[in-house]
> 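My questions will all concern the structure given below.
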Protein chains: 2
Amino acid sequence: MDDLTEMLKGTLEGCVLEIIGGEETYGYAITRRLNELGFTDVVEGTVYTILLRLERNGFVRVAKRPSEMGPPRKFYALNEAGRAELATFWAKWEYMTSRIDKLKEGGR
Amino acid sequence: MDDLTEMLKGTLEGCVLEIIGGEETYGYAITRRLNELGFTDVVEGTVYTILLRLERNGFVRVAKRPSEMGPPRKFYALNEAGRAELATFWAKWEYMTSRIDKLKEGGR
DNA sequence: GCCCGGTACTCGGTGATACGTTGTACCGGT
DNA sequence: ACCGGTACAACGTATCACCGAGTACCGGGC
């Protein structure tokens with residue numbers, strides 16, 4: 001699939017929130033997960049900027065833990081604000097997709 | 001619905017393409033149409049920048065015609081390249097939404 | 001005749017976001 | 001000792017939607 005970057009703006013952060021909401025995890029693993037999901041072009045640099053933004057905005061709690069496979073990992077988990085943000089994200093997603101699907105169906 | 005601007009990036013242009021694809025129309029009317037559709041915050045300035053971009057990228061043919069309700073209007077219609085671009089847009093949209101819905105359903 | 005609101009388009013600048021690149025650093029296998 | 005995989009951070013870049021100001025055409029009310 002060719003370039004999705006513009007279309008992912010505003011939604012990729014939501015995807016990361018959803019992944020973190022599912023289980024406590026870390027940047028490198030999140031990138032792999034997104035790649036498996038089909039977002040093959042998403043690179044680590046992108047995910048880390050999102051994670052730093054989430055941290056700065058107070059949506060996550062962070063714990064640094066050693067790894068057996070390399071350097072230490074920063075594990076992220078949603079806090080209360082993060083769960084609220086995730087809920088608004090899905091609400092917006094639902095709203096937007098329904099309108100666009102309506103437009104696609106030739107909705108007058 | 002609160003701010004959708006980030007989420008609309010990359011898709012709003014596709015919406016405009018779809019609207020133009022339906023019938024030859026002009027900027028002001030496209031804005032009204034988007035507002036009716038539910039994208040209430042989309043303003044004229046945004047639509048005009050998209051239209052100029054479409055023109056610059058050779059996706060539309062343009063015809064200026066007088067109006068009985070004010071200044072002359074610039075009518076836009078899709079050309080061959082525009083129809084192709086619209087098709088790719090919907091392909092990307094389909095691709096992206098399916099992946100994200102899978103993520104939402106907890107798809108492993 | 002004059003202003004005002006609605007119609008219609010253009011242009012310059014702003015902010016947010018994903019991406020590219022580079023750099024740092026830990027680790028195991030050869 | 002080197003290399004590839006793991007793991008994070010920081011810089012700059014491009015694109016896009018938005019905002020604001022400006023220009024201009026038109027009809028109706030005063």
Side-chain angles (χ1 to χ4, degrees), chain A residues 1-17 24-35 39-57 59-60 62-76 85 89 92 96 100, chain B residues 1-17 24-35 39-57 59-60 62-76 85 89 92 96 100:
Chain A
M1 177 57 50
D2 51 78
D3 201 20
L4 289 177
T5 72
E6 287 310 321
M7 205 176 270
L8 281 175
K9 292 200 176 164
T11 68
L12 197 54
E13 178 175 318
C15 294
V16 173
L17 277 170
E24 188 184 45
T25 182
Y26 57 100
Y28 192 79
I30 294 170
T31 311
R32 291 290 96 65
R33 179 106 171 71
L34 287 167
N35 295 151
F39 303 114
T40 50
D41 295 345
V42 174
V43 293
E44 294 160 43
T46 302
V47 174
Y48 289 120
T49 53
I50 292 174
L51 289 172
L52 291 175
R53 193 161 68 229
L54 293 178
E55 192 176 350
R56 176 161 39 84
N57 293 353
F59 294 139
V60 288
V62 189
K64 198 160 199 167
R65 305 218 187 92
S67 160
E68 292 139 8
M69 286 297 293
R73 300 165 171 168
K74 276 179 74 175
F75 282 84
Y76 294 83
E85 180 72 8
F89 166 72
K92 288 208 261 184
M96 190 185 78
I100 291 191
Chain B
M1 177 59 49
D2 50 80
D3 201 22
L4 290 177
T5 72
E6 287 311 320
M7 206 175 270
L8 282 174
K9 296 220 172 136
T11 67
L12 197 53
E13 178 175 317
C15 294
V16 171
L17 278 170
E24 189 184 43
T25 182
Y26 57 98
Y28 193 79
I30 293 170
T31 311
R32 291 291 95 69
R33 178 106 171 73
L34 287 168
N35 294 152
F39 302 115
T40 51
D41 295 345
V42 175
V43 293
E44 294 159 44
T46 302
V47 174
Y48 290 120
T49 52
I50 292 175
L51 289 172
L52 292 175
R53 193 162 66 229
L54 293 178
E55 193 176 350
R56 178 159 39 84
N57 293 354
F59 294 139
V60 288
V62 188
K64 199 160 199 169
R65 305 220 185 90
S67 160
E68 293 139 9
M69 284 298 291
R73 298 165 173 167
K74 276 178 74 175
F75 282 84
Y76 293 83
E85 180 72 9
F89 166 71
K92 288 207 262 184
M96 190 186 77
I100 292 190

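Per chain, numbering begins at 1; letters A, B, ... match sequence-line order.
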> Return the set of residues passing side-chain hydrogen bond (donor to acceptor under 3.5 Å, both in side chains) with B:Thr40 (not counting sequence neighbours), or none when no residue passes.
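So B:Thr40 forms no side-chain hydrogen bond (donor to acceptor under 3.5 Å, both in side chains) with any residue.
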> Side-chain donor-acceptor contacts of residues 42-51 of chain B below 3.5 Å, not counting sequence neighbours, with atom names and distances?
residue: B:Tyr48; atom: OH; partner: B:Tyr28; partner atom: N; Å: 3.4
residue: B:Thr49; atom: OG1; partner: B:Gly45; partner atom: O; Å: 3.3
residue: B:Thr49; atom: OG1; partner: B:Thr46; partner atom: O; Å: 2.6

> Under the side chain to side chain contact (heavy atoms under 4.5 Å, CB included) rule, collect the residues that match up with B:Arg65, sequence neighbours excluded.
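B:Arg65 satisfies side chain to side chain contact (heavy atoms under 4.5 Å, CB included) with B:Glu24, B:Ala63, B:Phe75 once adjacent residues are dropped.
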> Supply the atom-to-atom distance A:Met96 CE to B:Leu12 CG, rounded to the nearest 0.5 angstrom.
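Between A:Met96 CE and B:Leu12 CG, I get 10.0 Å after rounding to 0.5 Å.
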> Rounded to whole angstroms, how far apart are CD on A:Glu68 and C1' on D:dT6?
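To the nearest whole Å, that distance equals 13 Å.
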> Give one of base, sugar-phosphate or nothing for A:Thr5, where a contact means two heavy atoms less than 4.0 Å apart.
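Contact class for A:Thr5: sugar-phosphate only.
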> Atom CG of A:Asp3 to atom C1' of C:dA18: distance rounded to whole Å?
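Computing the A:Asp3:CG to C:dA18:C1' distance gives 9 Å.
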> Applying side chain to side chain contact (heavy atoms under 4.5 Å, CB included), run through A:Asp2 and B:Lys92 and close with a yes or a no.
CA-CA 8 Å; A:Asp2 51 78; B:Lys92 288 207 262 184; 3.9 Å; yes
> Identify the pairs formed between an N or O of the protein and an N or O of nucleotides 8-10 of chain C at a distance under 3.5 Å, and give each distance.
residue: C:dA8; atom: OP1; partner: B:Ser67; partner atom: OG; Å: 3.3
residue: C:dA8; atom: OP1; partner: B:Arg73; partner atom: NE; Å: 2.3
residue: C:dA8; atom: OP1; partner: B:Arg73; partner atom: NH2; Å: 2.2
residue: C:dA8; atom: OP2; partner: B:Tyr26; partner atom: OH; Å: 3.2
residue: C:dC9; atom: OP1; partner: B:Lys74; partner atom: N; Å: 2.6
residue: C:dC9; atom: OP2; partner: B:Gly27; partner atom: N; Å: 3.4
residue: C:dC9; atom: OP2; partner: B:Tyr28; partner atom: N; Å: 2.9
residue: C:dC9; atom: OP2; partner: B:Tyr48; partner atom: OH; Å: 2.7
residue: C:dT10; atom: OP1; partner: B:Lys74; partner atom: NZ; Å: 2.8

> Using side chain to side chain contact (heavy atoms under 4.5 Å, CB included), reason through A:Phe59 and A:Arg53 one step at a time and then give a plain yes or no.
CA-CA 9 Å; A:Phe59 294 139; A:Arg53 193 161 68 229; over 6 Å; no
> Given atom CG of B:Leu17 and atom P of D:dA17, what is their separation to the nearest angstrom?
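That distance rounds to 11 Å.
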> Using whole Å, what does the distance between atom C1' of nucleotide D:dA17 and atom CG of B:Asp41 come to?
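About 11 Å, once rounded to whole Å.
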> With 3.5 Å as the limit, what N/O pairs link the protein to nucleotides 15-17 of chain C?
residue: C:dG15; atom: N2; partner: B:Lys9; partner atom: NZ; Å: 3.0
residue: C:dA16; atom: O4'; partner: B:Glu6; partner atom: OE2; Å: 3.4
residue: C:dA16; atom: N3; partner: B:Lys9; partner atom: NZ; Å: 3.2
residue: C:dT17; atom: O2; partner: A:Lys9; partner atom: NZ; Å: 3.0

> What is the distance, rounded to the nearest whole Å, between atom CG of A:Asn35 and atom P of D:dA7?
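Answer to the nearest Å: 14 Å.
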> Going through the checks in order, is the side chain to side chain contact (heavy atoms under 4.5 Å, CB included) test met by A:Leu4 and A:Asp41?
CA-CA 8 Å; A:Leu4 289 177; A:Asp41 295 345; over 6 Å; no
> Expressed as a whole number of angstroms, how long is the span from A:Leu34:CG to C:dC19:C1'?
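Rounded to whole Å, this separation is 14 Å.
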> Would you mind reading off the distance between A:Met7 atom CE and D:dT15 atom P, rounded to a whole angstrom?
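Those two atoms, CE and P, are 16 Å apart.
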> Measure CD1/B:Ile50 against P/D:dC19 and give the value in whole Å, please.
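So the CD1-P distance, B:Ile50 to D:dC19, works out to 13 Å.
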> Could you check A:Glu55 against A:Lys74 for side chain to side chain contact (heavy atoms under 4.5 Å, CB included), going step by step and ending with a plain yes or no?
CA-CA 11 Å; A:Glu55 192 176 350; A:Lys74 276 179 74 175; 3.3 Å; yes
> Under the rule for side-chain hydrogen bond (donor to acceptor under 3.5 Å, both in side chains), what residues qualify as partners of B:Asn35, not counting sequence neighbours?
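With sequence neighbours excluded, B:Asn35 shows a side-chain hydrogen bond (donor to acceptor under 3.5 Å, both in side chains) to no residue whatsoever.
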